Each structure stands twice: as structure tokens, then as C-alpha cells.
Student: 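Here it is: the structure, laid out below.
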Protein chains: 2
Amino acid sequence: MKIADLTNTAVNTVTTLKTFQRIVLAARPKGRVSPENFRMETLPQLISSDLAAGEVLVRNHYLSLDPYMRGRMSTAKSYSAPQELDHTMLGATAGVVVASRHAEFSVGDSVVGHLGWAEMGVTQGNLLRQVDAARLPLSVYLGVVGMPGVTAWYGVNRILQAQAGQTLVVSAASGAVGSVVGQLAKLIGCRVVGIAGGEKKCSYVVDQLGFDACVDYKANQTEAELLDCLRAAAPDGIDLLFENVGSSVFDASLACLNPYAKIALCGMIAGYNSASQPLKHANKLLTMRAMLQGFIVTEHMDVWPQALTELAALVASGQLKYHETIAQGLAAAPDAFIGLLSGQNLGKQLVKLS
Amino acid sequence: MKIADLTNTAVNTVTTLKTFQRIVLAARPKGRVSPENFRMETLPQLISSDLAAGEVLVRNHYLSLDPYMRGRMSTAKSYSAPQELDHTMLGATAGVVVASRHAEFSVGDSVVGHLGWAEMGVTQGNLLRQVDAARLPLSVYLGVVGMPGVTAWYGVNRILQAQAGQTLVVSAASGAVGSVVGQLAKLIGCRVVGIAGGEKKCSYVVDQLGFDACVDYKANQTEAELLDCLRAAAPDGIDLLFENVGSSVFDASLACLNPYAKIALCGMIAGYNSASQPLKHANKLLTMRAMLQGFIVTEHMDVWPQALTELAALVASGQLKYHETIAQGLAAAPDAFIGLLSGQNLGKQLVKLS
């Protein structure tokens, strides 16, 4: 039983006075995402008799909000099929098993899955990941020890292959991915320069996370200001670039590339609301003989076990720090997501559902 | 003895009535290259007594004109140091040894070297490559069996690793590099689509070189026209891109990338006269998880022997065709170079010096 079919099949479930809520994609955004793109729905609560063999019923405690969701809201060709209209908004969730017809999951287990923007849901057990909520807080498995953390790990270790002494620049530095990128690179021995929007974020990555410097792109809006600032922060040029933002922020980094620079292209959030990402310094890709690799971490499942093991150990030992911005209740999800797209969050953006 | 020092040392050479000519960089271009950027000089002919141990005196028969020279004329940071003002314009040459103090070279040997825009010159013997002018015409060793050919070979075989059945797009398709790229890819079994300026060039690569299709970017100047045309020529999308042009031509190809596309970034000639290469479809590098590698073939000398051997055999057997555009006499070099930068040539642009 798919969550997406709930509306049609609800009539077949056992009648109950209890309900749960979900949010569906009501309309595709034209340009910026707005609250009107979403619709909250109330459905009869799911119960154990709804489960087919191999399925698990989960009550979601946290919903993860991630920039990639913006891409799915459009029909433009991308790495995944678009989110369907009137279906539950997709997304990663962390929660607790309330009923199970899968041998590996028992009631009370803490799990991470892709139940979407909903207070509860049914999923195939083999799409769930069991997590140790006694060792680390449940929410962590959606962030630093989840997809964003593995994204950072893959980019730093597999694409950039960071080495001590190199200068690494990461944009969206205070975000769920960027904050891990910079800390992993510091542990390797890189000089790490962040790019973030606003003094609060820049102070956070330097003072709390130990980055060597951070460029505030909101305080340096002209091309020349941003470039001057970046050159001052990375006086020996950029060897490694972990790009999350795109557009003028990416362009400034391109201008500072060193010979044989490597670029892990993870996101271009600045352009998610529009089609165009003009780059003036693309010629540096040629003149610096740069290597650029676009990637999506869910296509590299082979690294997840190693990455998650390492990330969990670093968090447990206090070597890897994280911050969460938590919206309260499912109804807050649309505004929190819109805020994420304009950089309102610090660290991982979550919605607390219970 | 460096060619660049000729003016100062000429007084020390044996007096003779004979002279030779060279062209120096008189001024760096501001924007487009113009004839005023060059100055012709007449110098006393070089003779054998000018040679130090290990040096060779060469009479140049052909001068190679290549897009990379535009980069050297500017002081912008690139893969090489800029050409110095008032020094002989650099460039590859093919000629015949007229005097030698190097054990491996004898009078009458055919050689390729970097003697620059000059009718004759002195060079270290170890910077010369001996070629077989009995097997293939001397000029070929500056083109299809020279740097442009090896550039194509490296991009197709080492960066793109072209496989039968893939669609490869190459811009500047009728040029010295592009024409070899497309033919090598056809021999591998790719579908090959060229992009070139004008009906003559497009007909040449399809009818003479066997490309599957060619898009005329001069006849399709708007973004939409160019994109429609490219989509029609590469209906299954682009798996491999060998980019020589940059700017709007590159951008159109980016828009058509398939998942896991590979890009060999060899040149961005469209932007050589200006700083900016705006790209609107850079987001495709992310969404298609593309790999891009900028390169300069002189940093991969290890492949040259294999590449030159293969290219020479293909030319000798008639499997690899080429075309030359030949300007007559050193004085014609500046205009020929300016023409090259705006795509006036078909195939390899040479200057015949003798």
C-alpha cells in the first residue's frame, strides 16, 4: 500500500475516529515556491490491518527538508522523476515502528525512511534503515549521520579526495551538507573557507565548527566585493571546491581556481527557482585544467555503510558538530521549506511531528 | 641562443647581406586581435657559427596557427606564461635542418619544433621532433599527426573514453582538432554530430569526413534555433562532448546532456576575445551528474608516441582525412591568425614560409 494511494483506499480501512495529516503537492511552482503549492489533508489513521506482508507502519517524529525537493516539484528533466501532483510530498523521515509485518522490524524500533510529509505512513520494510536512538538523537540520522552527511563524505573523500595542505572552499557552508564538508576537510588537514549568507552563519562556521574563514555573500553583493573577499580568505587560491549554491557564488569560486582544481558539484540552490545560472568565469575550467563532477549521493549506495559508520563515530566523539533548525508541526513544513530555499535555516532543517 | 635575443645579439653574428624575417608581439590586444598587435622585423640571416653545442639551425617551411596563441597574447593567468612583448610570436613550425651541433640531427632532416613566427631559427635539439617527410607531407606533422591530432586523440580516448553506440558532439567540427575528434569517434562506432559555422564547413564534415550530422550555428543564431537543431541532430541526447568553442554553442550542448555525460573541455575560442562565457544551462552539469575535464595536451606527453603512431597510420591508410588552409608568406600570418579566431579557416590553418 502506497501512501500516495491513501485518498482512494481510505474508504477500505477500518473506520476510526482518529486521523492523521499529510501535505500533498497541490500545484507546481512557477518561479518561487509559495504556500499555495501545498495542501494539507486529513485522513483516517492507519492501523496494523492496513499492512501487507513485508510492510511496516511508522509514526514519523521528524521530517527532513532538503533542497533537492525543489527539483522534484518541477517537471524539468533531472535525476529523478518529478513528484506527482496530489500525492504526498516526498521526503526522508525518522520515526518509530507502530506495527510491522516485516521480520526485521518490531514495534518500537527507531527507523529512517522516506514516508514523506505525513505524520504516519506505511512502507516496505526493505526501504527502512534501523537506527540507534540510544546512541545519538533520532534527528541526527536525517542530517549529519544521514543523507546530508553521506553527501559531504562522498564529495570530500571520493570526488575531491582532499589532502592535507589543500585549500577547500564550500558554499552554503552552514547548511546540513556544507557544515559537514568543512569539518571533514579540517580533520584531513585542509585550509577550509566557507561561503555563507549573513554574519550569524559565518560566525557559526568559524567559531563553532572551526573553519579557517568564511565569506559573507550577503554583505558582499557585487561581483568585485565577493571576489575580493574570497581572494583574501583563500590567498593561495582554491584547490578543492564543494559547490552547493551555483550562480554568482559559484562564479566567484571559479575565478579563484588553482591549476588542477577539483569541483564536486552537489547543488545549485541559487538557481532552483529559475532556469538560468550564468557563469562568467567558466573559462577557468579550461585554463586551470579543472575536473568537475556532478553527483547525487543516492546513486552511490556502496559508500553509505562506511560513511555512516565514520560519521556516527565522529559525532559520538564530539569531533563532528551539527546544528538543527526545527519547525514545530506538519503545518509548519511549507514555510520552513520556503525558508530553506532562501537560506533562513542554520544547519539541518527539520520539522518535528510529535 | 634564444630567438628572442636576436635583436640584441645580431651585432655579434657574422656580417652578411642576407636577411630573414620574424614577427614579434608589438602590443597586447584589448578585445579583438588586430594587425597592430604585431610587428614584422628583418634580421641578419642566422648561420652555423651562431650555434652552441646541442643547438640546431632550422629553416621553417610551415608555421602552425592555433587558437591557444590568443591566450598567450594576454597577461591573464592561464596554463602558460604569457608571450613577452617584442619577442618572436611563439608557435609550432615544421622545417628542415640547415646546420646542427646536436648528434641526433643532420642537415636536411625534416623536423617539427617551436621556432615561432620566423623564417628561421635556432633551438635546442632536444626540443625538436624528427618527422618522416617521405611518408607524409611535412605540413601534416603540424596538424593531424601533430599537436591538434594528439589533442583529439587524448580527448576521445582518455577523457571521453568513447564507446560504440554513444552520441558524441564536437564543436568547431571542421577545425584541426574537431575534424580528427569526429573521425576517431566514427571509427570507434559513435554517432557523431558536429557543430560548425556555415554551410561549407557543415557539408565538409558530413560529406567528406563522414560525420552523421552537423549543426550550423551561424544559420541558427537564436538560442531556440540552435537548441532545436542540435536536438534534431542528436535525438538521443549527448553522451560525450568535445568542446572547442564555449559560450552559446557550449550552452546548447549542455542543455542536451544525457545522464553521466562526459565533457572534454579543450577550448573556448568564442570567449578568447572577451572575459565572459555566460552559461545558462550549467545546472545540467549537476542534474545529469556530468563529468567535465579541462585539459591541455602538452601536459600529457606520455601519450604522444602512441597517439602519433596511430594517427600517422590512419592518415597513411586514408582512414583519417584532413584539410589545410594555407596562407602564403610570413607577412600573411597576422591576418590568417585573426581569421582563425573568427572561424575563417577550414581544417588546419598554416602559413607557408618557403
Side-chain angles (χ1 to χ4, degrees), chain A residues 67-68 70-72 74 76-80 154 159 223 237 243-248 250-251 254-300, chain B residues 67-68 70-72 74 76-80 154 159 223 237 243-248 250-251 254-300:
Chain A
Y68 76 84
R70 176 63 185 86
R72 303 285 185 89
S74 301
K77 202 175 168 186
S78 183
Y79 30 67
S80 299
Y154 185 84
I159 296 177
E223 280 178 43
E243 184 57 44
N244 289 312
V245 169
S247 201
S248 59
F250 184 29
D251 211 28
L254 286 176
C256 300
L257 291 186
N258 281 339
Y260 315 113
K262 295 180 193 173
I263 302 169
L265 184 58
C266 176
M268 300 182 95
I269 193 168
Y272 287 4
N273 282 323
S274 65
S276 178
Q277 295 260 0
L279 296 177
K280 292 184 175 179
H281 297 291
N283 63 309
K284 289 287 180 176
L285 296 169
L286 171 64
T287 59
M288 294 299 132
R289 294 84 89 205
M291 188 283 291
L292 175 151
Q293 178 70 62
F295 75 109
I296 164 82
V297 75
T298 47
E299 292 183 339
H300 304 280
Chain B
Y68 76 84
R70 176 62 186 85
R72 304 284 186 89
S74 300
K77 201 175 169 187
S78 184
Y79 31 67
S80 300
Y154 185 84
I159 296 178
E223 281 178 43
E243 185 57 45
N244 289 311
V245 169
S247 201
S248 58
F250 184 28
D251 210 27
L254 287 177
C256 300
L257 291 187
N258 281 339
Y260 316 112
K262 294 180 192 172
I263 302 170
L265 184 58
C266 176
M268 299 182 97
I269 193 168
Y272 287 3
N273 283 323
S274 65
S276 177
Q277 295 261 0
L279 296 179
K280 292 184 175 179
H281 297 290
N283 62 310
K284 289 285 181 178
L285 296 169
L286 171 64
T287 58
M288 295 297 133
R289 296 82 89 208
M291 188 283 292
L292 176 150
Q293 178 69 63
F295 76 109
I296 164 80
V297 74
T298 47
E299 292 183 338
H300 304 281

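Small disclaimer: the values here were computed from a predicted structure and weren't measured. Below, chain A is the first sequence line, B the second, and so on; all start at residue 1.
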Student: Using 0.5 Å steps for rounding, measure from the CG atom of B/Leu285 to the CZ atom of A/Phe250.
Tutor: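 That separation rounds to 7.0 Å.
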Student: Find the distance between CD1 (B/Ile263) and CE (A/Met291) and round it off to the nearest 0.5 Å.
Tutor: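 The CE atom of A/Met291 is 12.5 Å from CD1 of B/Ile263, to the nearest 0.5 Å.
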Student: Of all heavy-atom pairs between A/Glu299 and B/Tyr260, which one has the smallest distance, and what is that distance?
Tutor: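 In terms of heavy atoms, the two residues are closest at OE2-OH, 2.7 Å.
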Student: From B/Ile296 CD1 over to A/Thr287 OG1, what is the distance, rounded to the nearest 0.5 angstrom?
Tutor: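 The distance works out to 10.5 Å.
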Student: Closest approach of B/Leu279 and A/Ala282, non-hydrogen atoms and distance?
Tutor: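 Nearest pair, atom of B/Leu279 first, then A/Ala282: CD1-CB, 3.7 Å.
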